[in-house]
Amino acid sequence: MANLEDEAKLERFLQWLQVNKVELRGCKIKYCHSNKGFGIFSASGTSDGVLLVVPLDLAITPMRVLQDPLLGPECRAMFEEGEVDDRFLMILFLTVERLRKSSSWKPYFDMLPLTFGNPLCFTDDELLELKGTTLYRATELQKKRLQSLYDNQVKGLVKKLLTLEGDSESEVSFEDFLWANSIFWTRALNIPLPHSYVFPKTQERDSNFAVSKDSEDSTKYSGDLFIGKDEKGCRVQDVSSQINGVTSASIQGETIWVEGLVPGIDFCNHDLKAAATWEVDGTGSITGVPFSMYLLSAQQSPFAIEREISISYGNKGNEELLYLYGFVIDNNPDDYLMVHYPMEAIQNVPFSDSKVQLLEAQKAELRCLLPRTLLDHGFFSESTEKSERTDKWEGRVCNYSWSGQRKLPSYLNKLVFPESFLTGLRTIALLEEQIFLVSSMLEELVGPEGERQPSDTEVQAAVWEACGDSGALQLLVDLLQTKMMDLEENSGTEECDTELLKGVHTTECQEQQIIYKESLSQEIDGQMQQKLSRNRFSSIVYRRGQKQLTRLFLKEAEHALQLALREGN
């Protein structure tokens, strides 16, 4: 429950929202009993379904930072020279405003959480619970890079800005910067704004605001984590581009997507089945407030009073949810496994130079996401739905004079692994005589004088014709077995994690939710209990899911390998 101090902070925040022309039409902000901090709850019905309206002038965006009287002059030159990006600007703004003694943002900042459940904020012991997972290495790298960025840029710049403000006493710490970084990544939205709003005619000639070449729904890999944008902002951020990476605005026609924090709407918590969505109204025809963001009911009938209004952060696996937002969902239907072949390992395989050239020619991938949903179409699927994935194998059917000798496998429609990834593994697994066979087939195709370059599809077909699938599938089995060994080395098997989670239930704690497990350590309500921190609980749920997916995909790979060997592929 919220204490008297929290109630006072909430009252000041509501007054601040009112002064800044935020309209709570059919909702209210209050403390969540589920210990998720503050959330948005239904209050009364609205005829148009609009629950909350926030003028976008209140949003914390890169444009606001560059126009800020204190930060703007210091940041503009660095920004125009490409020394910092738009995400850095917003994180810097949060850091400075938190320390500013007379900040006009204080009522909002007082409402923001002080602690987070993402791995960056784990203790050393808690972080060890993730050892062997993708998140462990990513968190270590990210923290080192953030520390370096703080030491080399942020610390001196914040001190300078505070001195210009007339505050020479306040001291900035790495924890302040880490807090601002977590606030941004847990609360930022990817906002579609009209071009005229981002670049007003009076400022357009002078503006050098960065625009990314990435589109709103771009998806890619970078480093060891998956990233891509959706309605809640970015998916799991790359550890290297989190601050210094690609900019977060993109032009799509007359719309520019800009990341930013929107006070009020950012108090919506996540649910798999969202009760509301948010949209941007540039005309004011819906909300009556031009250039505003509004929260819209996702259902036609009015909400029951006091029901929490949730939004969806997107279809994210626990790896993303824990890395970005600091929570997990047990038995998450959107969970996925990331498998990759280390690029540095290619240098140690025979004929590495030739294989690298073939990989580039085929545009092959050496890492892939394996969503849980792929298993619905595999060899051991319990789904009754018919698989309709024959189109993905059309590239295997070739009409070249040198092809057609190898029969298409019978198992293609049951193979759950992406073809682009298998293409990369086939190439790495090529034997010496198979490389020469690929070369001769491609020479025959392009002619003795090399009249043209073979296409990526033609190179893929030649590689498959030369080696089939067994080498790639054996390599895939090895990768998955290695991944399982890494996962189990420090925390035991999937069954061990299940045993740790038996009998857990939750109770509320003001600063951090504590989970209790039945044990012989502490008596609560007549039962012996053992404390299990929220961070440790999240780590166990996440890593158990990774072990489960590794086991299931390994079973698929081993069965496919058996079939490939039996059929001569």
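- Counting all heavy atoms, side chain and backbone alike, R64 lies closest to A59 at NE-O, 2.9 Å.
- Taking the six-membered ring for Trp, F109 and W179 have ring centres closer than 6.0 Å.
- We find the CG-CG distance between N118 and L135 to be 10.5 Å, quoted to the nearest 0.5 Å.
- Side-chain contact annotation: S173 with D176, donor-acceptor N/O pair under 3.5 Å present.
- Closest approach of N190 and P192 over heavy atoms only: O-CD, 3.6 Å.
- Using a 4.5 Å heavy-atom cutoff, the side chains of Q548 and R544 are not in contact.
- Not a single donor-acceptor pair under 3.5 Å links the side chain of D86 to the backbone N or O of P62.
- The structure places CG of L127 at 11.0 Å from SG of C121, a figure rounded to the nearest 0.5 Å.
- Ring geometry for W105 versus F93: interplanar angle over 60°, hence perpendicular rather than tilted (30 to 60°).
- For NZ of K160, the number of neighbouring non-hydrogen atoms (other residues, nucleotides, ligands) closer than 6.0 Å is 12 at most.
- Using a 4.5 Å cut-off on side-chain heavy atoms (C-beta onward), I329 and L321 make contact.
- Side-chain atoms of D334 and E320, non-hydrogen and from C-beta on, never get closer than 4.5 Å to each other.
- Y108 and N20 share no donor-acceptor pair across their side chains, judged by distance under 3.5 Å alone.
- Considering only heavy atoms from C-beta on, F177 comes within 4.5 Å of L149 through its side chain.
- A distance of 13.0 Å separates CD in E360 from CG in D456, rounded to the nearest 0.5 Å.
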Begin from the C-alpha positions of T423 and E365 and carry the test side chain to side chain contact (heavy atoms under 4.5 Å, CB included) through to its verdict. CA-CA 7 Å; T423 294; E365 298 286 344; over 6 Å; no
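- At least one side-chain heavy atom of M111 sits under 4.5 Å from a side-chain heavy atom of L10.
- Summarising the local packing, CD of Q147 is surrounded by more than 12 heavy atoms from other residues, nucleotides or ligands at distances under 6.0 Å.
- Formation of a donor-acceptor pair under 3.5 Å by the S42 side chain with backbone atoms of R307 is found in this model.
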Mind running side chain to side chain contact (heavy atoms under 4.5 Å, CB included) on F88 and E83 for me, showing each step along the way? CA-CA 10 Å; F88 177 91; E83 296 177 21; over 6 Å; no
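- Take S168 and apply the side-chain hydrogen bond (donor to acceptor under 3.5 Å, both in side chains) test, not counting sequence neighbours, and it matches no residue.
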Given side chain to side chain contact (heavy atoms under 4.5 Å, CB included), test R100 with D167 step by step and report yes or no. CA-CA 8 Å; R100 251 174 151 171; D167 180 6; over 6 Å; no
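- Using a 4.5 Å heavy-atom threshold, the side chains of D57 and F291 count as separate.
- Inter-residue side-chain proximity for M293 and L189 is flagged as met; some heavy-atom pair is nearer than 4.5 Å.
- More than 12 non-hydrogen atoms from other residues, nucleotides or ligands lie less than 6.0 angstrom from NZ of K159.
- Judged as a ring-ring contact (aromatic ring centres under 6.0 Å, His included), and not counting sequence neighbours, the contacts of F327 are H270.
- Using a 4.5 Å heavy-atom threshold, the side chains of Y323 and T134 count as separate.
- A distance of 11.5 Å separates CG of N535 from CZ of F537, quoted to the nearest 0.5 Å.
- Using modelled atom types, one side-chain atom of R187 and one backbone atom of D266 make a donor-acceptor pair closer than 3.5 Å.
- For the atom pair CD of E7 and OH of Y31, the computed distance is 10.5 Å after rounding to the nearest 0.5 Å.
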Go through V289 and K21 one step at a time and tell me if the side chain to side chain contact (heavy atoms under 4.5 Å, CB included) criterion holds. CA-CA 9 Å; V289 184; K21 301 180 181 179; over 6 Å; no
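- The two residues S182 and T186 make their nearest non-hydrogen contact at O-OG1, 2.7 Å.
- Heavy-atom minimum distance, L52 versus C27: CB-SG, 4.0 Å.
- A search for ring-ring contact (aromatic ring centres under 6.0 Å, His included) contacts involving F267 returns F13, not counting sequence neighbours.
- A donor-acceptor pair under 3.5 Å is formed between the side chain of D335 and the backbone N or O of N318.
- Of the charged side-chain nitrogens involved, none lies within less than 4.0 Å of a carboxylate oxygen, so that E140 and K144 do not count as a salt-bridged pair.
- Closest of all the heavy-atom pairs between A276 and I309 is CB-CG2, 3.5 Å.
- One finds the OG atom of S148 at 15.0 Å from the NZ atom of K143 (value rounded to the nearest 0.5 Å).
- Nearest approach of N332 to K316, heavy atoms of both residues: ND2-O, 3.0 Å.
- Between K106 and E97, no side-chain nitrogen of the basic residue sits less than 4.0 Å from a carboxylate oxygen of the acidic one, so the salt-bridge criterion is not met.
- No donor-acceptor pair closer than 3.5 Å links the side chain of D376 to the backbone N or O of L374.
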